[in-house]
Structures are given as C-alpha cells and as structure tokens.
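What follows is a single structure, written as structure tokens, with notes after it.
All chains are named by letter (A, B, ...) in the order of the sequence lines, taking the proteins before the strands, and each is independently numbered beginning at 1.
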Amino acid sequence: MIRRLLLLLPFLVFVGLAFFLYRGLSLDPSARESALWGQEFPSFTLSTLEEPGAEVDESLLRGRMSLVNVWASWCPTCKEEMPQLLALSERGVQMVGINYKDARDLGRQFLEEFGKPFEVNIFDPAGDLGFELGVYGVPETFLVDANGIVRYKHVGYITPAQVDEVMAEVEKWH
Amino acid sequence: MALTLKSRCCVVIVLLLASFQSMADTAIDARHFEDPVMAERYRDLTASLRCPKCDAQAIDSSDSPVAADMRERVALMLHEGRADKEILDFMANRFGEFVLYNPRLDGRTWLLWALPAALVAGGALVVIAFVRARRHRRVRPLSEEERTRLSSLIHRHRERSE
C-alpha cells in the first residue's frame, strides 16, 4: 500500500510545481513592493521650483493628505501623465511635485507647456530626495497621508484608466 | 613596405575592436580605492545589489542612472566606514528587498533559505533508510516444502519446452 502511494509522489511533486509555475506566469516581473509603505516620508530640506530662495521640508506634507508626483522635463512619459494629474487635482487632491534631476528653467517651461496640477514643486536637482524615496524611474507617485506616512506608491505613469484606481486609494486613506 | 589589402583590413578590424573594448571599459565607472580591502568590498557589494530599474543586472554592470547613484552611495558609505550589512540595509530600506541578491532572512523568505537544507536532509534520510534496508536483508535458506515446489516447477518448465 505504502509502495503504491510512493509511486504517486512524482505526480504530486509535478502538480505542486505546475501550480507555482502557472501562478508565476500571471505575475508582473516589473512589479516591486515599495520599501516605504507605512513608513514616514523621508526628511529633506530643499528649495522650491517656483522660488530659489525658499526652503521647504517634510512639514510641507503634514496636516493634509497629498499626492506627491516625481517628474522631470526630460521624461517623456511625464508629459503623457499630465492630463491625469490635472484631473486628479480637479477632483480635490492636493498635488505636490518633486522636480527630479532637472534644471529650474526647463522645469518651469515644462509646467507652462503641459499644465500646473501642483500646488508646489520641490526642487531636487541632485536627486537626493528621489534617492531617499527609492525612485528608480520617473514618473513615480506617492500618496502621503495627513500624518506624513506613505500609504501608496505608483511606479510609472498613471494611465487615464488608472485615475479612478488612484482616486480610490486617496479616499481609502483619507 | 606596402601593406596588402588583406592585412590593411585586419588592422582596421583590430583597431575597431580595440575602440569597442575601451568603450565598454568606460561605460561603467571604475572607482579607485587606496585600500585594496575596501576596493574588494566595493566590488562585492556592487555585485550583490540588483539594479531596481533593470531586471537581471547587478548595479556594477548597469548603465541606468539609478545604478550609478547607488554605486556612488556605496562608495561614499564605504569611505564613511559603514559596515557591509549597514549599506545593504540602507539600500533595501529605500529600494525594497528586491535589490538584495541574497534576501534577508525573515517571515517571507525563511522557506527560500530552509528548503535547500531540508531537501539535503530529506535526501540523506532516504539514502540512510535504503542502506539500512539492504544491510538488514538476510538470506534465508529454502524450506523443504519450498525446495520440492521449486524443483517441480523447474521440471514442469523443462517438460513444456521440450
């Protein structure tokens, strides 16, 4: 009897393996968990794109939920994303931009051309804040709640179809 | 002395290859460390950190901007005198567990680390059981009854084949 069951063993191993491999087929290989989920937004002291003399820090993100979008004028998908960001800001989300590894005049020009969804833009020319946020490809979007905790991260550009998805996260953490 | 066409071609090809080689060398920045131990640690660390932008490349061989930033930070932290583990934790805290080619042991990864050991142990058990079963197999002489039955069977078989 036991010998009969042993004969079934390779089959069972096969079934187990097939299950995991089949599941693997539907996984997105470029999906990454964010290390920042549930963590405080990193501290920083930087100027804003609008005012070179201004100094802002992480307290900017306290007291109100904000959607922080990392963008750059050299990033083509950021242009594609602007209409969606404008739509989100029209729906009452406070938008904060991080102008990542960019030059001031180019960043400003970009906003003039493609729209201004952001209440303020943190100017991060060296990409230091981006590094603290674990940014590896622009655009990236972080949802930061009123206590300054990162609640959601979206890597890559927000497609028109994903606006509702992002809005649902905004309402969830409100 | 005039070169033949063939050898001219050879020279051109060799020069081309040499220029490609130097391009490949300059693509990934080589860093200079005074301390050979630190240089070795830098090589090991940059080889064991995965580039978050590219799917199957360590940061030591990747051209992506984020890999360059990470290499720079690794070098900086080495000069600051940080431990290897500190540097790896620093990267994982920002870019996620994904960047570690050797994942840290925690609630989700224990199976990954334990499974190979468990398989080796299981295999050893099977081998031991096999060897023991063989050793304990004893040869028992046939009983009288069995012997007569055997000879009658052989007899019948011979008759049939004749």
Identify which part of B:Ala67 has an atom lying under 4.5 Å from any heavy atom of chain A, answering side chain, backbone, both or neither.
-> neither
Under 4.5 Å between side-chain heavy atoms, hopping through other hydrophobics if needed: is there a path connecting A:Val155 to A:Val150?
-> no
Closest approach of B:Phe95 and A:Val135, non-hydrogen atoms and distance?
-> CE2-O, 3.7 Å
Report, as yes or no, whether the 6.0 Å neighbourhood of atom CZ on B:Arg149 holds more than 12 heavy atoms from other residues, nucleotides or ligands.
-> no
Count the heavy atoms belonging to other residues, nucleotides or ligands that lie under 6.0 Å from NE2 of B:His136, then report whether that count exceeds 12.
-> yes
Using the ring of A:Phe131 (Phe, Tyr or Trp, six-membered ring only), decide whether B:Arg94 places NZ or CZ under 6.0 Å from its centre and within 45 degrees of its axis.
-> no
Could you tell me which of A:Lys101, A:Gln39, A:Glu132 has the largest number of non-hydrogen atom pairs under 4.5 Å with chain B?
-> A:Glu132
Of B:Pro52, B:Ala92, B:Gly96, the largest count of non-hydrogen pairs under 4.5 angstrom with chain A goes to B:Pro52
Please look at B:Asn93 and chain A and tell me whether the side chain, the backbone, both or neither of the residue comes under 4.5 angstrom of a heavy atom of that chain.
-> backbone
Establish whether A:Phe11 and A:Leu6 are linked, either directly or via other cluster members, by ILVMFWY side-chain heavy-atom contacts under 4.5 Å.
-> no
Heavy atoms from other residues, nucleotides or ligands near CD of B:Glu145 exceed 12 (cutoff 6.0 Å) = no
Mind checking the SG-OH spacing from B:Cys51 to A:Tyr136? Nearest 0.5 Å is all I need.
-> 10.0 Å
Contacting region of B:Met70 [heavy-atom separation from chain A under 4.5 Å] | both
Decide whether A:Leu67 and A:Leu133 are clustered together by the hydrophobic rule: side chain heavy atoms of Ile, Leu, Val, Met, Phe, Trp, Tyr closer than 4.5 Å, transitively.
-> no
